[in-house]
There are 2 protein chains.
Amino acid sequence: MAVQQRATVEDVARLAGVSSKTVSRVFGNRDLVAPATVERVLDAAKRLRFRPNSLARTLRRGGGTDTIGFVMGELGNPFYYGIASGIEQEASRNGNALVVATTGDTPDGEERVVDALLAQRVGALLLVPVAADQSYLEGERHLGTPVIAIDRPARNLVADAIVLANRSGVFDATSRLLARGHRRVGYVCNPAAVKAQAERVQGYREAMAAYGIGGTSRWERLVDDPRAAPERIVADLLSSADPPTALITGNNRMTIGALRAMRGLGEDAPALIGFDDFDTADVLGVSVISHDPVELGRRAARLAIERIGDPLGFTQRIELPTRFIGRGSGERPPPKA
Amino acid sequence: MAVQQRATVEDVARLAGVSSKTVSRVFGNRDLVAPATVERVLDAAKRLRFRPNSLARTLRRGGGTDTIGFVMGELGNPFYYGIASGIEQEASRNGNALVVATTGDTPDGEERVVDALLAQRVGALLLVPVAADQSYLEGERHLGTPVIAIDRPARNLVADAIVLANRSGVFDATSRLLARGHRRVGYVCNPAAVKAQAERVQGYREAMAAYGIGGTSRWERLVDDPRAAPERIVADLLSSADPPTALITGNNRMTIGALRAMRGLGEDAPALIGFDDFDTADVLGVSVISHDPVELGRRAARLAIERIGDPLGFTQRIELPTRFIGRGSGERPPPKA
DNA sequence: CAAGTTCATGTCAACGCTGTCTTGTTATCG
DNA sequence: CGATAACAAGACAGCGTTGACATGAACTTG
């Protein structure tokens, strides 16, 4: 039982008694071949377990593959997976394969995996930028590989971008808490160094300022350490000298961390609104600033597919809306002082 | 601003004043080239934005790519993406790319995406089998593409398999409920047609039988309809003539559906143990039969990488353990009758 | 110092496929 | 019935890369 050789068009051609070009036609423009010949070829192909080699086909045809590359920080986060899922849906609808690669949230990792994907000649590159600078991708668009940034714009690179309405979503949520009478409203996030978070913090501060509340930094915890436990960060804030009566968490991780930190606090628990919806938020009664990561992925993929046909169109920046979903935790009033 | 042409080894060679083979060597066995030449070549490559075409390389070298293909039902389920995450970790550690494809949980989808992956010459194929028959993959192993089944064994195909200890996990959980005094214990799952579920049901029935309880079908809901809402299925069982006092749910979806169905039942809610752990299970106090989908993926990927080197070794069947995690919901005693 | 060894680089063909062009065969029509 | 179109199939080259083999220069070594 040795390893066998894979059959090629030549092998099939020989067995079917035709030329390799005819075999090629059968797997390409089948209607250019006489029906009887098609049958003979297919029969021979099946007998030899022939599978066309799409690498060779792509190489010959020139241009890129019909594969879409998606680069993200890490798997294991529902937000990223939602995006991946949306990309996959749209890609498979259109017959494109999806290659996923993770950067481990490091700039080096990003450049490494992006290089690998480009070496594989992906037809389009979707990425959640991590590095401080994507200028190494400059030129790819002109070489026929569209680049699309997701969740955060690319830096030093002209590229399409699909992002969320971060600022207005958090502004709105913060305003709701303020309207209920809260004044000491906190904002917690990690990582904090990405644009998306900067926008959310901005929305928070603007809402606070609109109510004449300054010096918000005492209620902010903008951490940037992937190893820091969300639960600790929140617990730390809640046990500070001047703890907030309401809290906004910057992503699903943080929200779940907050829930852990708040377990057993009963009536003393602060009001809570989380950015990102999650599976059991309804069961837990957690109010959220919701958005649709799957749609984010779908839109990005659709844009990518469009760009594969026309790499040089004007780049777009698409902003998807957020939606507040009240489930109780964000409607809790401040304790009567 | 027209689309430019991608540079090839020839272009770089011309600019650097060497032969194309030397350029090839610089990007392959760099130490066979004089340092000064390496520098000249790298400089020329950078100027031309040269990126080696790994399609051509793979074609020339023969054999498969270093890409691992993963075929699963859908990307929106934490169980699946846990597996994907594990595969990705192990693959990227080893320098393999990961292509993900979803079948939409249909047999046709499975064969279609598998064909596409094989046409792309993936180095190994990992799949969560959906179709009733994987014999169409027969021979791939001998053609150098190892196939590894995850979560469920492949049917009519000799292939490695990595599965969970489904039977014993559910047997153990059911026994715990029985030991606490429950007698009317229910089991709910959807989809029910896969081997993994059959094993879980078997574990449930065996535990019941060990306590001398027969006629369990009145407490079973083995649904096989992807569109059926989990919440409804559970609600239906709970409102039946002879409702169970304790419930085992066959996967995370079902568990969350049960939580929804049980909202507001207070003291009347049945005891609950879910198969699969999930993000907020600790916060919700849900007892689970836990296992590690990430590890499942890692093991599968490791096996795949091993098999790429040696496609014809004896196939293995690896069974990963489950672990009961008590968090309260599964420790609730039956109501005093 | 001739013969052998090492090292840096080059020449050429081929991986599997398909676009372009050519050839041969059969149907169509004034 | 000879000219012409329509169709089926083949010959050949080349996509970008690298393995096998060849070449020539510098360096050992007895």
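Just so it is clear: chains get the letters A, B, ... in the order the sequence lines come, proteins before strands, and each one is counted from 1. Note that the structure is predicted; figures quoted are calculated from it, not measured.
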Worksheet item: Which part of the nucleic acid does B:T58 contact within heavy-atom distance under 4.0 Å: base, sugar-phosphate only, or nothing?
Response: nothing

Practice prompt. Assess whether one donor atom and one acceptor atom, taken from the side chain of A:R60 and the base of C:dT18, lie less than 3.5 Å apart.
Written response: yes

Discussion item. Judged by each residue's nearest nucleotide on DNA chain C, which is more toward the 5′ side, B:L59 or B:G17?
Written reply: B:G17

Worksheet item: Which nucleotide in the set D:dA9, C:dC17, C:dT9 lies at the smallest distance from any side-chain heavy atom of B:V33?
Response: C:dT9

Worksheet item: Which part of the nucleic acid, if any, lies within contact of A:V18, taking any heavy atom under 4.0 Å across all strands shown: a base, the sugar-phosphate backbone alone, or nothing?
Response: sugar-phosphate

Worksheet item: To the nearest angstrom, how far is A:E10 atom CD from D:dG10 atom P?
Response: 12 Å

Write out a two-atom table: protein N or O, nucleotide N or O from nucleotides 23-26 of chain D, distance below 3.5 Å.
none

Discussion item. Considering every strand and a 4.0 Å limit on heavy-atom distances, what is the contact class for B:F27: base, sugar-phosphate, or nothing?
Written reply: nothing

Worksheet item: Of the nucleotides C:dT20, D:dT18, D:dA9, which one has an atom closest to the side chain of A:K21?
Response: C:dT20

Worksheet entry | Nucleotide of D:dT18, D:dG16, C:dC17 approaching B:R57 most closely (side-chain heavy atoms) | D:dT18

Item to complete: Quick one: label B:S24 by what it contacts on the DNA or RNA (base, sugar-phosphate, nothing), any heavy atom closer than 4.0 Å.
Response: base

Fill in: Set of residues satisfying side chain to side chain contact (heavy atoms under 4.5 Å, CB included) with respect to A:V26, sequence neighbours excluded
A:R30, A:V33, A:V38, A:V41, A:L42

Practice prompt. Please determine, for the side chain of B:T37, which listed nucleotide (C:dT9, D:dT17, D:dT18) has the closest atom?
Written response: C:dT9

Discussion item. Classify A:S54 by what it touches in the nucleic acid, base, sugar-phosphate, or nothing, heavy-atom distance under 4.0 Å.
Written reply: nothing

Discussion item. Taking the minimum atom-to-atom distance to the side chain of B:R25, which one of C:dT9, C:dC17, D:dA11 wins?
Written reply: C:dT9

Item to complete: May I have the step-by-step check of salt bridge (Lys or Arg N to Asp or Glu O under 4.0 Å) for B:D11 and B:R14, ending in yes or no?
Response: CA-CA 5 Å; B:D11 300 322; B:R14 208 171 307 123; 3.5 Å; yes

Fill in: Nearest-neighbour nucleotide for the B:N53 side chain, C:dG10, D:dG16, C:dC17 considered
D:dG16

